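Structure, as structure tokens:
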Amino acid sequence: MCTCDRNWQGSDCSQRTCPFGLAHVDTPKGDLDASNSITDHNDVVITGSTVYPHGTTEGFPYMVDTAGTVQGETAHNYMECSNKGLCDRRTGECECLPGYDGAACQRASCPTAKPLDGENRRSSTSSTMRRNVATYGGRSSFTGVASSNVQINECSGHGTCETIEEIAFNDNGNRYTLWDKESSMGCNCDPGYAGPDCSERQCKYGIDPLWTDDTTARVTHTVVRFKTPDAGTLTGTYAIKFYDVFGEDYQTEPLILTPDGMNGVDDHCVSVRAALLALPNGVVPSVDCNSAAINTNEGFTYTLTFTGNPGELKELELNKYLDGSVSTVSSTSGSTVEGVVYTKILGEFIDYFPTRCEGITVKILADSANGDDSWTSALVRPGSLGYIAGLSDSPNPVLTAAEKKILKACLGDSDGDMSNNVDVTNWDKGVVVEADGSPPTTYNMIGAYPHAIKVVPVETSTGYNKYKYGEYHLVWYDESAAAVAADKEFRVANLNNGHNLPSEAVESYVYTTTGVVQQMGWGNDNTDAGQLADNSGAGSSSTRIVGWFDAYTNKIYTNYDTSCENQPSSGNPRNHVCVEKGHKLFVLDSCWGAGDLGAATTSPFFGGPALANCADSTLPNHHTGNLYTLTKVYTQPLLSAASTNDPTETIDITNNPGTEKYVDTYVIKVNANFGWEGKKGDPENTNVQAAGGTRDDDWSDNTGIVTLFHFTPPDTTTGTGSSDDAYEYVSQCSNRGVCRTDLGVCQCFKGYTMDDCGTQNALAV
């Protein structure tokens, strides 16, 4: 009997064995050892055979996990030609099914260009393939003769064919680790092209002209900041890298830096605008720029408003290395130059707040005193910095009883459960009760499901235009406020300015959403029903999901793992709402509490009632009403000796100085940089030392204090739909035309014109 060499088989060893790859689909092997039974996944048979020298299984494949545990009912084990082709025993080459390629047919081919002549042109050898297929009774079968199956014009010449693992990594460094990470292929299209095979040209984006009849558009506002610690030392050159709505990048000509941002009689904005407008293809058709000096000759900041580029734009970047590895931005004193970017207002495609509250206009006011901006101490606490006011000045800006009813009805349900709504107005208050001390002192706090609103200036306000963006606020109802100051019951968590007089604030319309905002928390859903629990008896306070982050970055370090992928099973401590790529978050500066630190505090609640780092209403950041999109959620290893993954860890730093630790292993990455710092603290109240004195004997300020809010958007419509739906008002051809994907040109409906169909014209037919 012949003993065949490696990769040869048959009774005379004349037949070759083809390459193996992970099976796209599994097939049963049958009774290989002629035992009249099909054995299990852990029974290895026919050891020493020519095809399976180490044996194989007849049932499910034999597989083990990383711990070495044998797994049952698995799939995608190695198979000859990956089970998507037949082996040519003469040559040892695989003949792959159409749509698969590779030496072992291990890849799913990328789509090709649409054929021009009606022929299926997925393969350059279609005639050869037909010759190698035999027909039996009208059914086709491979003959087992290998032939070339090379794809023609993959991705239409307007993209690259990549594995799903590569596509995930190119999207903000995400990871794809399933069995087909190197087998499933797809087209990564060039900017301006779309479709499975990248054959469709995209058209110009515009703002639906009928949408801005009733509201305003949010376009991108980006802030650039250069600062030196020493006056009069900023020098050098840099360039701006701008990304258009399709993701294509363009870099400006070098821009000259001066200590005060002036270039002769012109400020820096003149140079910036000229450089952006000079980019090729008119990619920036219009842009506004406003600059301001930082102190005296310590640098400057400027804000860019991209009025000609609607939609969500990737955040622009600064190139400070125009000559290679050496920075072209410097300080003549040798000190470090701060050159940073953050997004003040995120542009958007979809309006999730399409419904105007008719019959009422309001003003948003900080709950502070005019003059010294000191807080109204009896009402202000974390998550409660201001209030919705009426239009009168004295004694308080009053919302009439009728207006309050209108506002309650407009806010309506906040948690997606109509059965727990209250009052004749059928609404949710969005409040939770906390307490501490003995006897307990109760506090109304922002609840598990607050309301979200958008306020848009009325048409008669100063400087009004269609780009006068609406401001987002989280809102809840504190009925106890009426006992302190009438008409301050509608509390707002974040401020977009420091106005505390009606004469300073802008009269605005209120727009509401049917989307659901949920304060992120951590607990056992068998005891807290998966949301923040009432704690009016000073019992066990619900743990919030909080984070910290550095200014001008886009990574939030949370106290617990918030990913849906790692969400613990029900019955265990887990996220009230988990997150994954594509989810939406409100990240607000609401002077969140750093924890109850009084030694006499009994059962302190999470975060506590005191503001942190906010002595008055000028100090919270006034541009935190953005709705961020998650681009990545991941866990990273402990980075250093100062890292921990335990949010309750305490350290005696009196005996071990310099051993403070921070939770920095759980990371949420969002689509734009923050313009403020998310502070650290001890909202879990593990440190009961009094502030000052011996407090730092027991270090526990190891997590962030910024509370996170998850937003579940309503369903989206385009062009038509219920007024309660979200509406995609920035789109190709402005919702007022059809994109010719063969040409990349808009075909406008009657009455609309321009290259984006974004202009009404009675003469356009």
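Below, each value reflects all heavy atoms present in this structure, side chains not excepted, and no hydrogens, waters or symmetry copies. Quick caveat: nothing in here was measured; it's all calculated off a predicted structure.
- Scanning for side-chain hydrogen bond (donor to acceptor under 3.5 Å, both in side chains) contacts around His158 gives an empty result, with sequence neighbours left out.
- No more than 12 heavy atoms of other residues, nucleotides or ligands lie within 6.0 Å of CZ in Phe169, so this atom counts as exposed by the packing criterion.
- Using a cut-off of 4.0 Å between Lys/Arg side-chain N and Asp/Glu carboxylate O, Asp742 and Arg201 are scored as not salt-bridged.
- No donor-acceptor contact under 3.5 angstrom links the side chains of Asp43 and Thr57, judged on distance only.
- Counting only N and O atoms by type, the side chains of Asn153 and Thr112 include no donor and acceptor under 3.5 Å apart.
- Remark: the Arg218 side chain and the Asn626 side chain contain an N/O donor-acceptor pair separated by less than 3.5 Å.
- Looking only at atom types and distance, the side chain of Ser563 has no donor-acceptor partner in the side chain of Glu565 under 3.5 Å away.
- Inspection of the Asn673 and Glu315 side chains reveals an N or O donor paired with an N or O acceptor under 3.5 Å.
- Side chains of Lys581 and Thr631: no donor on one and acceptor on the other come within 3.5 Å.
- Partners of Asp323 under the side-chain hydrogen bond (donor to acceptor under 3.5 Å, both in side chains) rule, at least two apart in sequence or in another chain, do not exist in this structure.
- Thr558 contributes atom OG1, which lies 5.0 Å from atom CD1 of Ile668 (distance to the nearest 0.5 angstrom).
- Counting non-hydrogen atoms of neighbouring residues, nucleotides and ligands closer than 6.0 angstrom, the OH atom of Tyr250 exceeds 12 such neighbours.
- In the displayed structure, Glu253 atom CD is contacted under 6.0 Å by at most 12 heavy atoms of other residues, nucleotides or ligands.
- Sequence neighbours left out, the pairs with a member in residues 52-81 that pass salt bridge (Lys or Arg N to Asp or Glu O under 4.0 Å) are Glu80-Arg89.
- There is no side-chain donor-acceptor pair under 3.5 Å between Asn174 and Tyr634.
- Heavy atoms of other residues, nucleotides or ligands lying less than 6.0 angstrom from OH of Tyr62 number 12 at most.
- Side-chain contact of Gln636 with Thr665: a donor-acceptor pair under 3.5 Å is absent, judged by distance alone.
- No hydrogens or angles considered: nothing links the side chains of Asp561 and Gln567 as a donor-acceptor pair under 3.5 Å.
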